[in-house]
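None of the values given here were measured: they were computed from a predicted structure.
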Amino acid sequence: MKFLCVATIAAAFSAANAFTTGPASLVSPSAPALTNVFNGEGNAHRNRKSTIVMDGKANAIRDRISSVNNTKKITSAMKLVAAAKVRRAQDAVLATRPFSETLQSVFGGLINRLGGEAADLPLLTQREVNKVTLVVITGDRGLCGGYNSFMIKKAEARYKELKAQGIEADMILIGKKGATYFQRREYPIRKIFNCGQNPNSKEALAISEEIINSFLSGETDAVELMYTKFVSLIASTPSVRTLVPFSASEISQKGDEVFQLTSQDGDFGVERKELEAAEPQDFPNDMIFEQDPLQIVNSILPLYLNGQILRTLQESVASELAARMQSMQAASDNAKALAKTLSQEYNRARQAAVTQEILEIVAGATALE
């Protein structure tokens, strides 16, 4: 009996010894590696930004957030550039105002002096309209909302309206967008002019000479100008007006308006100011002109036309830049909203990855018990 008890105790002791030494033998080879991870020599753990291993979906969302934020920076910069160019267009309009006022004043005084004699001037003569030339002003670039499309649609509608009335029509196109559109659809085009975002008197002179030559040669009976009228930073109106033949009363009595770009609390705005027509200059009856007053009026009319075209070009550029400002602002707002939505998606995917890892760890621990 004593022998059996001693044998049983020895067997239990050996089993216990085997149980305690077995795991040590399994752990001991990798112990230095584990020690290096958690001691001072292992800097990887200390420098890790996140303990979460992302899946492909989370990484794709993170890359898209970065792309959207970069796009937002670009659109915000384009908005500021457009705002600076609007100020430049505003300054150009104000710079030409004194010349326009003086021209209007002199013209009004001469018309009052001549009376009915001015009606015999070719550029003031109304005649039967058999053919109309449409001068269409569009932009050279896109990314400006519906600025170009609105003007193109209005020009198309006016062309079809004239054809329905049995009146021939052709076009003088200013701007690459309108030229490309109407060339592809084979509309009758008289001439194409390129005008950048800084129109000058030389460009306006070339356009006015083409208009006057076409009218005086009898190739067209009327010229209509189609441009975008600048209303505010959030609104512009496609407008149509008759350029040639002129109306003496309209030239001498038509007022004007100027705009000024302002900013308050980081938001842009526009202040508009209505200007009355310039008072006609008083020419006494005993004043002797070196040249015939009719010749003076006849030489003033091309200058007036040149000034009007330059003004409408500047106003169209201001409308285009304002439309671009609003488009870029809308794009920036959309990018901000999209980045917020993607960030929420990214956080949900990240939380799902954390939850999945915790469940795997708990399931592994439960399986070992």
Side-chain angles (χ1 to χ4, degrees), residues 49-50 52 54-90 137-156 175-181 184 195-198 227-239 259-272 314-354:
K49 294 182 180 180
S50 176
I52 308 303
M54 291 297 174
D55 57 358
K57 179 181 178 182
N59 289 333
I61 295 175
R62 183 178 58 192
D63 293 341
R64 193 176 177 195
I65 292 174
S66 177
S67 176
V68 169
N69 288 330
N70 291 335
T71 302
K72 180 185 173 184
K73 293 178 183 178
I74 294 173
T75 54
S76 298
M78 292 181 67
K79 175 191 172 183
L80 296 178
V81 170
K85 291 183 178 180
V86 168
R87 288 187 184 274
R88 187 171 62 185
Q90 157 198 312
I137 301 177
T138 58
D140 289 339
R141 297 186 298 171
L143 296 178
C144 52
Y147 169 79
N148 291 314
S149 61
F150 288 160
M151 179 50 60
I152 288 173
K153 289 179 180 178
K154 192 169 186 66
E156 275 189 316
K176 295 180 181 178
K177 287 295 182 179
T180 302
Y181 181 88
R184 288 179 178 176
C195 180
Q197 293 187 344
N198 188 21
Y227 69 104
T228 305
K229 184 177 181 180
F230 183 82
V231 179
S232 67
L233 290 178
I234 59 175
S236 55
T237 306
S239 304
F259 61 91
Q260 185 173 4
L261 184 65
T262 60
S263 60
Q264 184 176 5
D265 298 330
D267 296 329
F268 293 104
V270 172
E271 293 181 357
R272 303 186 67 86
Q314 292 168 343
E315 193 164 357
S316 296
V317 168
S319 300
E320 179 186 358
L321 293 172
R324 184 167 289 113
M325 282 180 61
Q326 292 304 311
S327 297
M328 295 302 101
Q329 180 63 49
S332 299
D333 294 341
N334 292 338
K336 182 179 179 181
L338 181 58
K340 183 178 179 181
T341 302
L342 291 174
S343 296
Q344 293 174 351
E345 246 184 82
Y346 176 76
N347 291 333
R348 282 195 291 266
R350 188 168 173 269
Q351 292 169 0
V354 173

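- Atom OH of Tyr346 and atom CG of Asp63 lie 9.5 Å apart (nearest 0.5 Å).
- A donor-acceptor pair under 3.5 Å links the side-chain atoms of Ser327 to the main chain of Gly145, judged by distance alone.
- Distance check, rounded to the nearest 0.5 Å: NZ of Lys177 to CD of Glu320 gives 10.0 Å.
- Once rounded to the nearest 0.5 Å, the distance linking CZ of Arg324 with CZ of Arg141 reads 4.5 Å.
- With 3.5 Å as the limit, one finds a donor-acceptor pair spanning the side chains of Asn59 and Arg62.
- When side chains are defined from C-beta on, Leu321 does not count as touching Met325, because their heavy atoms never get closer than 4.5 Å.
- For residues 66-76, the pairs satisfying side chain to side chain donor-acceptor pair (under 3.5 Å) are Thr75-Ser332, Ser76-Ser332, with sequence neighbours left out.
- Shown here for Ala323 and Tyr147, the closest heavy-atom pair between the two residues is CB-CB, 4.1 Å.
- Applying the side chain to side chain contact (heavy atoms under 4.5 Å, CB included) rule to Thr180 yields the partners Arg184; only residues at least two apart in sequence or on another chain are considered.
- Side chains of Asp333 and Gln329: a donor on one and an acceptor on the other come within 3.5 Å.
- Taking CD from Gln344 and CD1 from Ile61, the interatomic distance works out to 11.5 Å, rounded to the nearest 0.5 Å.
- Taking all atoms of both residues into account, the shortest heavy-atom contact from Tyr227 to Ser316 is CB-OG, 3.5 Å.
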Should Glu156 and Tyr181 be marked as a side chain to side chain contact (heavy atoms under 4.5 Å, CB included) after you check the CA-CA gap, both sets of side-chain angles, and the distance that decides it? CA-CA 11 Å; Glu156 275 189 316; Tyr181 181 88; 2.8 Å; yes
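- Met151 CE to Ile137 CD1: the interatomic distance, rounded to the nearest 0.5 Å, is 8.0 Å.
- Asp140 contributes a side-chain N or O that, together with a main-chain N or O of Lys176, makes up a donor-acceptor pair within less than 3.5 Å.
- Atom NZ in Lys154 sits 13.0 Å away from atom OG in Ser149 (nearest 0.5 Å).
- No donor-acceptor pair closer than 3.5 Å links the side chain of Thr228 to the backbone N or O of Ser319.
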